[in-house]
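These numbers come from the heavy atoms of this one structure, side chains and all, not from hydrogens, waters or symmetry mates.
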Amino acid sequence: MRDMTEQEIRNFIREWTWGTLIGVEGNKPYAVELSYGTDGEYIYCGSMPGGRMSRCIIANPNVVFKICDSDRSYSRWRAVIIEGRAERLTDYADILYSVRCIARQRGLPENTFDRIARRVANDPESNSIRLPIKVFGGRISG
């Protein structure tokens, strides 16, 4: 096992589509698995409006985003962690940019989730977020 280089970490973040958002509720960790997108500077994702993760981020925006990959035997694996303050997106243009990043990351047409952006922007309990890719690390097998 070894530390990943910054380039390996950034490549993995761009390549993968699924991660775990970890927040804090009171003094307990809480996690949700979700798809995400990136533009190289931020991770963009979101969870259910008004849900438990939304409440966690409103109360404490410090989060961790974890991305992992492994083969079935665990002989080959890699894992990346990004730490920072989640920034809630409320502006329609920011939310639209976010969902388009997610669509591109998943290999879908860019406008696949445009309808969702309008609905999310109109929801006061929206939990569309971005997380700066500034504090991160990664490990890889072999």
For this session: Could you tell me whether the side chains of S98 and D94 share a donor-acceptor contact shorter than 3.5 Å?
Result: no

Problem set entry | Modelled atom types, side-chain donor and acceptor of Y97 and D39, under 3.5 Å | yes

Exercise. Does NZ or CZ of R139 fall inside the cone over W77's six-membered ring, less than 6.0 Å from its centre and within 45° of the axis?
Worked result: no

Exercise. So is R118 actually on top of Y92's ring, under 6.0 Å and inside 45° of the axis?
Worked result: yes

For this session: Determine whether the aromatic ring centres of Y44 and Y36 lie less than 6.0 Å apart.
Result: no

Side chains of [X] and [Y], heavy atoms from C-beta outward: is any pair under 4.5 Å?
| X | Y | value |
| --- | --- | --- |
| M48 | N127 | no |
| I82 | L131 | yes |
| C68 | W18 | no |
| V32 | T20 | no |
| V24 | P29 | no |
| D69 | R76 | yes |
| E6 | F136 | yes |
| P132 | E87 | yes |

What pair of heavy atoms forms the shortest contact from [X] to [Y], and how long is it?
| X | Y | answer |
| --- | --- | --- |
| I9 | G137 | CD1-C, 3.6 Å |
| V99 | A117 | CG2-CB, 3.8 Å |
| R85 | P61 | NH2-CG, 3.1 Å |
| T112 | A103 | CB-CB, 4.3 Å |

Problem set entry | Short N-O contact, R78 and E15, less than 4.0 angstrom | yes

Exercise. What do the steps show when you test N60 against E25 for side chain to side chain contact (heavy atoms under 4.5 Å, CB included), and what is the final call?
Worked result: CA-CA 8 Å; N60 181 353; E25 182 178 47; over 6 Å; no

Using modelled atom types only, decide if a donor and an acceptor are shared between the side chain of [X] and the backbone of [Y] within a distance under 3.5 Å.
| X | Y | result |
| --- | --- | --- |
| D71 | S75 | yes |
| R104 | P109 | no |
| Q105 | R14 | yes |

Are [X] and [Y] linked, directly or through other ILVMFWY residues, by side chains that come within less than 4.5 angstrom of each other?
| X | Y | value |
| --- | --- | --- |
| M53 | L34 | yes |
| V80 | I22 | no |
| F12 | I81 | no |
| I129 | I67 | yes |
| I102 | Y42 | yes |

Rounded to the nearest 0.5 Å, how far apart are [atom1] of [X] and [atom2] of [Y]?
| X | Y | atom1 | atom2 | value |
| --- | --- | --- | --- | --- |
| L96 | I116 | CG | CD1 | 11.5 Å |
| W16 | T38 | CH2 | OG1 | 15.5 Å |
| I13 | E8 | CD1 | CD | 12.0 Å |
| C56 | K28 | SG | NZ | 11.0 Å |
| C101 | F113 | SG | CZ | 12.0 Å |
| E41 | K134 | CD | NZ | 8.5 Å |

Problem set entry | More than 12 heavy atoms of other groups within 6.0 Å of R2 CZ | yes

For this session: Take L21 and E33 through the test side chain to side chain contact (heavy atoms under 4.5 Å, CB included) and record every step on the way to the result.
Result: CA-CA 6 Å; L21 179 63; E33 292 73 31; over 6 Å; no

Problem set entry | Candidate pair S128 and R88, rule side chain to side chain contact (heavy atoms under 4.5 Å, CB included), full reasoning | CA-CA 6 Å; S128 183; R88 292 183 70 233; over 6 Å; no

